[in-house]
2 protein chains.
Amino acid sequence: MCAELSLDDHAHTAYDTTVASGGFRLTRQRREVYEALLETRDHPSAVQVFMRAQKRMPTISLATVYNCLETLTQVGLVRQVNFDRGPSRFCPNAHPHGHFMCTRCHHVHDVDVPDAAALSRVWQLPNNYVVTQSEFSLRGLCPECVVAANDAE
Amino acid sequence: MCAELSLDDHAHTAYDTTVASGGFRLTRQRREVYEALLETRDHPSAVQVFMRAQKRMPTISLATVYNCLETLTQVGLVRQVNFDRGPSRFCPNAHPHGHFMCTRCHHVHDVDVPDAAALSRVWQLPNNYVVTQSEFSLRGLCPECVVAANDAE
DNA sequence: CTAGGTGCAAAAGGTTTGCGGTTAA
DNA sequence: TTAACCGCAAACCTTTTGCACCTAG
């Protein structure tokens, strides 16, 4: 369903070293937020992360979850994924990849980009532009919803 | 700077026919909003569209601008472009294309995709997914800001 | 010890909605 | 004529912020 990348271990290491050494404190809240994200790779919204983190640490606040998610994003462990005006979704997959969102069930999956270099050949921009970040996203129906949509007719 | 597509005339026709025949009323407000968008192809936000439309029609309201933009988007004449959590930008370019945003001046430009088919070869998704929409976006520095950033150092 | 983080509550910012009056077709 | 649309103001929802207290390093 969702591309498995098994970078959990790698990511844990990245957290311990990057956060601790980069001038960022390794607080219980940040760890819980990151754990909540790794636990279920379903691109949860900030509120969903909050609810999950709350189970393990009932005193955590929503504002802290937002702050932690921003810190983790700055550190590079987390990517913030936006589809239209909906709430931001968060993704602990540091590899370059795209995203697919099902317009029916609103689930978000990672999309592999085997040839990242090919992507940069697709678009044309005068060469005095400096591109620092590129991303792409797809929308449509996931297999479950294709079936469900056909049944509904 | 921005890819010129000279589809103004085509677009006008599309508005007159599509909106009028698709069960949508051709109101003064919708026309002004669309005109404001065609006038300056700089991907304005809803508030910017509002300010421009207001010059020609002082009684128009912001809520109406939002409503008109949504209608025009549904009709297919306008595309809504989102970068992160910033205000939505609106684009009257119906051709398939991507977007570039300068992280320094926040201007948004269209990005040509000469080979749209090549884009769909870049990503891999199991074939029981149905993809209805794909888009990509770039971030970086526009030529003006590359120069300005160098001067500042 | 102290810079940086947390929790709370309040505010911000963009967008949507409800409603009575208006208008395109 | 009348369903669709407009203007206004109030509501909504996600995210950010100010401040007093707390804690990792």
Side-chain angles (χ1 to χ4, degrees), chain A residues 15-36 43-51 53-75 77-90 106 108, chain B residues 15-36 43-51 53-75 78-90 101 106 108:
Chain A
Y15 183 79
D16 292 344
T17 57
T18 313
V19 174
S21 67
F24 294 94
R25 284 199 195 158
L26 179 51
T27 63
R28 165 109 192 267
Q29 289 83 348
R30 286 176 182 175
R31 193 161 10 211
E32 296 293 3
V33 165
Y34 191 50
E35 295 289 335
H43 300 79
S45 66
V47 172
Q48 289 172 316
V49 172
F50 172 56
M51 293 188 303
Q54 222 175 7
K55 284 181 190 160
R56 297 153 142 254
M57 188 182 180
T59 60
I60 200 170
S61 74
L62 179 56
T64 295
V65 169
Y66 273 106
N67 289 334
C68 291
L69 287 170
E70 200 198 321
T71 305
L72 292 168
T73 302
Q74 280 174 10
V75 169
L77 289 175
V78 168
R79 268 178 62 183
Q80 185 171 346
V81 182
N82 295 294
F83 275 91
D84 299 309
R85 287 268 112 210
S88 293
R89 310 290 209 97
F90 296 88
H106 300 118
V108 173
Chain B
Y15 183 81
D16 292 346
T17 55
T18 312
V19 175
S21 66
F24 294 93
R25 282 198 196 159
L26 179 50
T27 63
R28 166 112 190 267
Q29 289 83 349
R30 285 175 182 176
R31 193 160 12 210
E32 296 292 4
V33 165
Y34 191 50
E35 295 290 337
H43 301 78
S45 66
V47 172
Q48 290 172 316
V49 172
F50 171 56
M51 293 188 303
Q54 223 176 6
K55 284 182 190 160
R56 298 153 142 254
M57 188 181 182
T59 59
I60 200 169
S61 74
L62 178 57
T64 294
V65 169
Y66 272 106
N67 289 334
C68 291
L69 286 170
E70 199 198 320
T71 305
L72 291 168
T73 302
Q74 280 174 10
V75 169
V78 169
R79 267 178 64 184
Q80 186 172 345
V81 182
N82 295 292
F83 275 90
D84 299 309
R85 287 266 113 212
S88 294
R89 310 289 210 97
F90 296 87
M101 167 182 257
H106 299 118
V108 174

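Per chain, numbering begins at 1; letters A, B, ... match sequence-line order.
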Trainee: On DNA chain D, nearest-nucleotide positions of A:Q80 versus B:R28: which is more 5'?
Mentor: B:R28

Trainee: Rounded to the nearest Å, what distance is computed from the CD atom of residue B:Q74 to the P atom of nucleotide D:dA4?
Mentor: 13 Å

Trainee: Does A:S88 have a side-chain nitrogen or oxygen under 4.0 Å from the phosphate oxygens OP1 or OP2 of D:dT15?
Mentor: yes

Trainee: Check whether any side-chain nitrogen or oxygen of B:T27 sits under 4.0 Å from OP1 or OP2 of D:dC6, and answer yes or no.
Mentor: yes

Trainee: Output the rounded distance in Å from CG (B:D84) to P (C:dG13).
Mentor: 18 Å

Trainee: Would you kindly give the CE-to-C1' distance between B:M57 and C:dT22, to the nearest whole Å?
Mentor: 11 Å

Trainee: B:R28 versus B:R31: any side-chain heavy-atom pair under 4.5 Å?
Mentor: no

Trainee: Report yes if a side-chain nitrogen or oxygen of A:Q29 is closer than 4.0 Å to either non-bridging phosphate oxygen (OP1 or OP2) of D:dT23; otherwise report no.
Mentor: no

Trainee: Taking five pairs at each end, how big is the angle between the two axes of the helix from C:dC1-D:dG25 to C:dA25-D:dT1, to 10°?
Mentor: 50°

Trainee: Which atoms form the tightest heavy-atom contact between B:F50 and B:I60, and what is the distance?
Mentor: CE1-O, 3.3 Å

Trainee: Decide yes or no, distance alone: a donor-acceptor N/O pair under 3.5 angstrom between the base of C:dA25 and the side-chain of B:R25.
Mentor: no

Trainee: Just how far, in rounded Å, is P of D:dT17 from CG of A:N67?
Mentor: 9 Å

Trainee: Considering heavy-atom distances to DNA chain D, does A:V47 or B:S61 have its closest nucleotide positioned more toward the 5' end?
Mentor: B:S61

Trainee: Rounded to the Å, how far apart are A:R85 CZ and C:dG13 P?
Mentor: 14 Å

Trainee: Just how far is it from atom CD of B:Q80 to atom OG of B:S88, taken to the nearest 0.5 Å?
Mentor: 4.0 Å

Trainee: So which heavy atom on A:A53 is nearest to which on A:A36, and how close?
Mentor: N-CB, 4.4 Å

Trainee: Distance check needed: C:dC8 C1' versus A:F50 CZ, whole Å only.
Mentor: 11 Å

Trainee: List the atom of B:V65, the atom of B:A46, and the distance in Å for their closest heavy-atom pair.
Mentor: CG1-O, 3.7 Å

Trainee: Should B:R30 be listed as having a side-chain N or O under 4.0 Å from OP1 or OP2 of D:dC5?
Mentor: yes

Trainee: Given D:dT16, is OP1 or OP2 found less than 4.0 Å from the side-chain N or O atoms of A:Y66?
Mentor: no

Trainee: Would you indicate what A:S45 reaches in the nucleic acid, counting non-hydrogen atoms under 4.0 angstrom: base, sugar-phosphate, or nothing?
Mentor: nothing

Trainee: For residues 78-89 of chain A, which residue pairs pass the salt bridge (charged side-chain N to carboxylate O under 4.0 Å, His left out) check, not counting sequence neighbours?
Mentor: A:D84-A:R139

Trainee: Does a side-chain N or O from A:T64 land closer than 4.0 Å to OP1 or OP2 of C:dG7, or not?
Mentor: yes

Trainee: For residues B:Y34 and B:R30, determine if any side-chain heavy atom of one lies less than 4.5 Å from a side-chain heavy atom of the other.
Mentor: no

Trainee: Using whole Å, report how far CZ of A:F24 lies from C1' of C:dA3.
Mentor: 13 Å

Trainee: B:P44 and B:Q48: which non-hydrogen atoms are nearest, and at how many Å?
Mentor: CA-OE1, 3.1 Å

Trainee: Between A:L69 (CG) and C:dG5 (P), how many Å, whole number?
Mentor: 15 Å

